[in-house]
Amino acid sequence: MTAENNKRITIDTPVRFSDPLPKKADVVIIGGGVIGVFSALYLAEMGKSVVLCEKGRIAGEQSSRNWGWIRQHGRDAAELPIMMQALRLWHEANERTGGQCGVKTGGAYYLASSQKSMAECEAWLSIAKTQGLDSRMYSAREVSDLCGPYAKYPWLGGAGTSSDARGEPWRAVPAVAVLAKDAGVTIRENCAVRTLDRAGGTITGIVTEHGSIACEQVVLAGGAWSSLFARRHGVDIPQLSVRSTVAQTAPMPDFANGNFADESLAFRRREDGGFSIALGDRSGFFPGPDAFRHFGVYLEVMRKSWKEIEFHLAGTHLYPDGWRTPRLWKATEETPFERMRVLEPTPDAKHVELMVRRFAERFPDLGRPKILESWAGMIDVMPDVVPIVDRAPDLPGLVIATGMSGHGFGIGPGFGRVVARMVAGQEAEHDLSRFRFNRFTDGSKLEVGSSL
């Protein structure tokens with residue numbers, strides 16, 4: 001591992017992928033995050049000609065700004081079989097990249113400091129049991145042993161899955177992108193897709209800032225930007241974004257080698273010896289026009305999590321749901337995707353201070369952890385906290401994979417495989433009805449996913 005490939009990805013990160021664009025391809029993928037990159041890799045290995053267009057940097061947004069958890073634990077019941085497959089695929093990708101993904105098995109554990117939280121932990125185990133997972137409840141003594149000798153906090157116990165893993169987000173997806181390139185995928189950074197070309201209501205290609213590509217299928221995996229792009233083409237996705245702040249500590253003694261979260265703090269051991277830490281009960285929200293349009297469908301999830309949401313009246317007008325962000329543009333015009341190559345929200349300094357204080361409360365003998373760096377990302381969320389992975393019903397040729405709701409890094413290889421098989425016309429390996437596009441408009445009752 002070199003210092004260069006263990007740096008946070010920003011707009012200042014040098015461009016690594018600048019392949020010339022072909023005139024035509026079997027499929028174009030919009031978005032170089034974890035879903036787009038794994039979809040591209042698997043499609044190329046199926047013999048498809050694939051172009052992946054990324055407006056900024058591969059994994060420059062949430063795919064490198066997340067916690068780094070690769071967890072089965074706490075998943076929605078419909079996600080769990082896909083996540084179990086994703087865990088195997090992550091281990092495979094790590095081996096294929098010579099360990100560059102940083103995948104390590106250390107378990108994922110949800111700790112409880114109240115009887116209410118203990119009951120919530122235990123309730124999810126019925127889902128794990130249906131899939132034969134190694135998930136179980138842990139006593140207070142067992143939690144203390146897992147967290148190590150420095151832990152001094154009144155946890156009553158918790159639940160965990162010891163086979164879960166973690167990865168290194170700053171390195172993982174770019175390393176898989178190299179695999180995809182070696183498999184024949186054309187990858188172009190600094191290449192925003194402006195519009196879809198259509199004829200008779202069917203996709204015939206795409207227009208990028210650097211030229212057009214003829215194709216019959218397009219995968220929209222643009223994360224926080226997916227809804228804005230789709231709405232420009234008459235496809236309405238009820239997706240919003242929330243800001244999450246994460247911090248990196250300096251190296252610490254060897255303890256707590258896994259992923260941990262209690263009611264208010266999440267922490268996971270990093271390969272560099274420090275921890276990535278984040279608040280489990282705080283996220284920032286910047287309401288824009290889409291937030292008001294979709295207010296009704298978000299009522300249920302807001303009812304469950306309103307205490308965790310901090311509303312901010314002023315966000316940058318360049319955000320996907322900014323008040324002055326254009327909703328319509330021509331193929332010949334500069335788009336919002338070019339104006340903000342990498343969505344880099346400012347981390348919340350108050351949140352960083354709070355997570356430092358909370359970490360010190362849990363491990364008082366270590367004192368306040370030294371913070372080397374902090375950052376924030378915009379998480380693409382859906383009203384029921386599970387993604388849309390489906391064909392757009394009114395736009396033949398468009399496959400949508402978005403709204404991962406903070407779960408995308410871990411499950412990325414699994415949904416990448418789902419998308420690849422969908423595009424290739426192969427039979428689905430999983431029941432995908434939970435992720436259908438029209439579930440918000442077909443009269444179905446909204447089922448909010450797991451809160452773990």
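Counting only heavy atoms from C-beta outward, the side chains of I277 and I371 approach each other to under 4.5 Å. Residues M382 and I237 have side chains in contact (heavy-atom distance under 4.5 Å, counting atoms from C-beta outward). Put simply, the side chain of L398 does not reach to within 4.5 Å of the side chain of H233, judged on heavy atoms. L343 has its side chain within reach of P320: a pair of non-hydrogen atoms, C-beta onward, lies under 4.5 Å apart. For the pair I29/L43, a side-chain contact is recorded, criterion being any heavy-atom separation below 4.5 Å from C-beta on. Side-chain atoms of R188 and V51, non-hydrogen and from C-beta on, never get closer than 4.5 Å to each other. The side-chain heavy atoms of L395 and L196, taken from C-beta on, include a pair separated by under 4.5 Å. Side-chain contact between F435 and D390 is absent, with no heavy-atom pair separated by less than 4.5 Å.
Using modelled atom types, one finds no donor on one side chain facing an acceptor on the other under 3.5 Å when comparing N259 with R269. Side chains of S162 and D134: a donor on one and an acceptor on the other come within 3.5 Å. For T10 and E344, the side-chain atoms include no donor-acceptor pair closer than 3.5 Å.
Between E338 and R194 a salt bridge is recorded (basic side-chain N to carboxylate O distance below 4.0 Å). A salt bridge between K55 and E61 is present, with a side-chain N of the basic residue lying under 4.0 Å from a carboxylate O of the acidic one. Salt bridge status for E92 with R417: absent, with no side-chain N to carboxylate O gap under 4.0 Å. Using a 4.0 Å cut-off between a side-chain N of Lys or Arg and a carboxylate O of Asp or Glu, D384 and R439 qualify as a salt bridge. Here E373 does not pair with R270 in a salt bridge; the nearest charged N to carboxylate O distance is not below 4.0 Å. Between R339 and E334, at least one side-chain N (NZ, or NE/NH1/NH2) sits under 4.0 Å from a carboxylate O, which counts as a salt bridge. Between E168 and K104, none of the side-chain N atoms (NZ, or NE/NH1/NH2) sits under 4.0 Å from a carboxylate O, so this pair counts as no salt bridge. A salt bridge links D321 with R327: the closest approach of a Lys/Arg side-chain nitrogen to an acidic carboxylate oxygen falls below 4.0 angstrom.
Although no hydrogens or angles enter the test, the distance criterion places no donor-acceptor pair under 3.5 Å between the side chain of W170 and the main chain of K7. Between the S276 side chain and the W67 main chain, no donor and acceptor come within less than 3.5 Å of each other. A donor-acceptor pair is defined here as one N or O able to donate and one able to accept, closer than 3.5 Å; no such pair exists between the side chain of H294 and the backbone of L240. R232 contributes no side-chain N or O that, together with a main-chain N or O of F229, makes up a donor-acceptor pair within less than 3.5 Å. S63 places a side-chain N or O within 3.5 Å of a backbone atom of V34 that can act as its donor or acceptor partner. Side-chain atoms of N94 never come within 3.5 Å of backbone atoms of W90 as a donor-acceptor pair (strictly under, hydrogens ignored). N190 contributes no side-chain N or O that, together with a main-chain N or O of V15, makes up a donor-acceptor pair within less than 3.5 Å. A donor-acceptor pair is defined here as one N or O able to donate and one able to accept, closer than 3.5 Å; such a pair exists between the side chain of S64 and the backbone of A59. Between the side chain of Y298 and the backbone N or O of P238, at least one donor-acceptor pair lies under 3.5 Å. Of the possible donor and acceptor atoms, one in the side chain of D19 sits under 3.5 Å from a partner among the backbone N and O of I187.
W323 and F286 have their aromatic ring centers separated by at least 6.0 angstrom.
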Practice problem: Could you walk me through whether F17 and V178 pass the side chain to side chain contact (heavy atoms under 4.5 Å, CB included) test, one step at a time? | Solution: CA-CA 9 Å; F17 303 94; V178 173; 4.1 Å; yes

Self-check item: Verdict with supporting geometry, R434 and E447, side chain to side chain contact (heavy atoms under 4.5 Å, CB included)
Solution: CA-CA 9 Å; R434 178 82 160 110; E447 298 179 17; 4.0 Å; yes

Exercise. Please step through side chain to side chain donor-acceptor pair (under 3.5 Å) for the pair Q239 and T402, ending with a clear verdict.
Key: CA-CA 8 Å; Q239 175 183 295; T402 195; 2.6 Å; yes

Self-check item: side chain to side chain contact (heavy atoms under 4.5 Å, CB included) assessment of F295 paired with L299
Solution: CA-CA 7 Å; F295 178 78; L299 282 175; 3.5 Å; yes

Quiz item: Should R96 and E45 be marked as a salt bridge (charged side-chain N to carboxylate O under 4.0 Å, His left out) after you check the CA-CA gap, both sets of side-chain angles, and the distance that decides it?
Solution: CA-CA 14 Å; R96 292 176 65 182; E45 292 178 340; 2.6 Å; yes

Exercise. Determine, step by step, whether Q217 and R391 satisfy the side chain to side chain contact (heavy atoms under 4.5 Å, CB included) criterion, reporting the C-alpha distance in whole Å, the side-chain angles of both residues, the deciding distance to 0.1 Å, and the verdict.
Key: CA-CA 10 Å; Q217 297 199 78; R391 290 189 175 276; 2.8 Å; yes

Self-check item: Criterion side chain to side chain donor-acceptor pair (under 3.5 Å) on Q72 and Q131, from CA distance to verdict
Solution: CA-CA 10 Å; Q72 303 160 107; Q131 299 297 329; over 6 Å; no

Exercise. Determine, stepwise, if the pair T97 / R171 fulfils side chain to side chain donor-acceptor pair (under 3.5 Å).
Key: CA-CA 10 Å; T97 60; R171 294 162 35 209; over 6 Å; no

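In terms of heavy atoms, I9 sits closest to P174 at CD1-CG, 3.8 Å. Residue A177 comes nearest to I58 through the heavy atom pair CB-CG2, 4.0 Å, listed as atom of the first residue, atom of the second, then distance. Heavy atoms only, all atoms of each residue included: L265 and A278 are closest at CD1-O, 3.4 Å. Closest approach of P387 to E79, counting heavy atoms only: CD-OE2, 3.5 Å.
In terms of the salt bridge (charged side-chain N to carboxylate O under 4.0 Å, His left out) criterion, D197 has no residue partners (sequence neighbours excluded).
Rounding to the nearest 0.5 Å gives a distance of 14.0 Å between SG of C215 and NZ of K23.
Residue pairs that meet the ring pair (Phe, Tyr, Trp, His ring centres under 6.0 Å) test with at least one member in residues 196-221, sequence neighbours left out, do not exist here.
For E216, the CD atom sits in a loose shell: 12 or fewer heavy atoms of surrounding residues, nucleotides or ligands are nearer than 6.0 Å.
Relative ring orientation between W225 and F337 is described as perpendicular, the plane-to-plane angle rising above 60° on a 0-90° scale split at 30° and 60°.
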